[in-house]
Amino acid sequence: MNYTEKYELRWKGTAGGWKILGDNYDTEAEAVTAMEKDSEVTSGAWRVVRVSEVTTHSKAKA
């Protein structure tokens, strides 16, 4: 079984609805740093969201 975990930024402006912003980050600390930097320039609500994926079986056939 393979397990991966990434973090992404989500932003909600005055128009409503959460938007996923650009890059995925390898660590929560990287995502928080990016959020703090971006939130200085853009107002609205910000979130750091953990995205997890579990792969139990995969097969490649050429």
Side-chain angles (χ1 to χ4, degrees):
M1 177 168 43
N2 294 322
Y3 177 79
T4 59
E5 188 171 274
K6 298 281 185 179
Y7 295 85
E8 65 186 20
L9 292 181
R10 293 186 184 179
W11 171 78
K12 183 178 181 181
T14 56
W18 288 97
K19 295 180 182 178
I20 300 171
L21 302 178
D23 301 324
N24 284 334
Y25 300 91
D26 292 328
T27 66
E28 183 178 10
E30 290 174 348
V32 169
T33 300
M35 179 183 68
E36 289 172 349
K37 182 179 175 185
D38 290 348
S39 66
E40 290 176 0
V41 180
T42 307
S43 63
W46 291 83
R47 286 185 180 168
V48 172
V49 179
R50 179 177 42 203
V51 180
S52 302
E53 179 180 74
V54 177
T55 306
T56 57
H57 181 71
S58 63
K59 183 177 181 179
K61 187 174 182 180

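- Taking the side chain to side chain contact (heavy atoms under 4.5 Å, CB included) definition, one finds that V32 meets it with E28, E36, V48, sequence neighbours left out.
- Across all their heavy atoms, S43 and W11 have their closest contact at O-NE1, 2.9 Å.
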Audit row: T33, K37, side chain to side chain contact (heavy atoms under 4.5 Å, CB included) steps and yes/no: CA-CA 6 Å; T33 300; K37 182 179 175 185; 5.8 Å; no
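- V54 is not listed as a side-chain neighbour of N2, based on a closest heavy-atom distance of 4.5 Å or more.
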Step-by-step side chain to side chain contact (heavy atoms under 4.5 Å, CB included) determination, W46 to L21: CA-CA 10 Å; W46 291 83; L21 302 178; 3.3 Å; yes
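- Taken from CE in M35 to CD in E30, the straight-line distance is 14.0 Å, to the nearest 0.5 Å.
- With hydrogens and angles left out, the side-chain atoms of T27 and Y7 include no donor and acceptor closer than 3.5 Å.
- Taking the salt bridge (charged side-chain N to carboxylate O under 4.0 Å, His left out) definition, one finds that R47 meets it with nothing, sequence neighbours left out.
- For the pair L9/Y25, a side-chain contact is recorded, criterion being any heavy-atom separation below 4.5 Å from C-beta on.
- Taking CD from E40 and CG from D38, the interatomic distance works out to 9.0 Å, rounded to the nearest 0.5 Å.
- Within the structure, salt bridge (Lys or Arg N to Asp or Glu O under 4.0 Å) contacts touching residues 9-24 (residues at least two apart or in different chains) are E8-R10.
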